[in-house]
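First up is the structure itself, then whatever we jot down about it.
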Amino acid sequence: MNYWLMKTEPGCFGLTHLKARPKRTEHWDGVRNYQARNFIRDDMRKGDLAFFYHSSCAEPGIAGIVKIVRAGYPDHTAWNPDGEHFDPKSSPANPIWYMVDVRLEREFRPPVTLAALKHNPALRGMKLLERGNRLSILPVTGREWNAILKMADPG
DNA sequence: GCCAACGTTGGC
DNA sequence: GCCAACGTTGGC
């Protein structure tokens, strides 16, 4: 069982969008970075848990937890010439890009903000907090996972 | 809107 | 294979 952090822009697809989906489940498409792709394709397993992180918004932070309910499979949005995520190099025979399905498991109310994460000494060295980090999918250690869970309101 | 950091592209 | 130019990310 692995832990992850997945970034999304709430103005584009945030926790409220996922919450409104049937079974609170949606595929996580549009990853167009090879390092993130490799995590999705090779390392994410059904049953893994991930923090759902809101970026590029007024209050960046972790909005909740999702479960990987389907392991990596080809991202078909790369094959739609009219779509935002079209990539002519990708084809069903050679997909290049992959996605997983995620289901909303828990909502943090309030979210655990980036400012709070930075303030927690237990999270020193966390990849998310390293400067210049731009990866949209990041592995999270068990220690980091537990430290962040403690920061969330029990609800 | 600004800007630093980073990944990708393409000329050579 | 090098590296400058360019585009994107993402916090502020």
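Numbers restart at 1 for each chain; the letters A, B, ... are given by sequence-line order, proteins then strands. Heavy-atom basis, side chains included; hydrogens, waters and symmetry copies ignored. Please read these numbers as outputs of a predicted model, since none were measured by experiment.
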Within-4.5 Å side-chain heavy-atom neighbours: L15(A) and L18(A): no
Under a 4.0 Å heavy-atom criterion, DNA chain C is touched by chain A from dG7(C) to dC12(C)
Between F39(A) and W4(A) (judged by ring centroids, cut-off 6.0 Å), do the two rings come close enough to count as a pair? yes
I'd like to know if D42(A) and R37(A) make a salt bridge, using a cut-off of under 4.0 Å between side-chain N and carboxylate O. no
Take atom CZ of R143(A) as the centre, draw a 6.0 Å sphere, and report whether it contains more than 12 heavy atoms from other residues, nucleotides or ligands. no
Mind checking if S56(A) touches a base, just sugar-phosphate, or nothing, with heavy atoms under 4.0 Å? base
Check: D101(A)/Y73(A) side-chain N/O donor and acceptor closer than 3.5 Å: yes
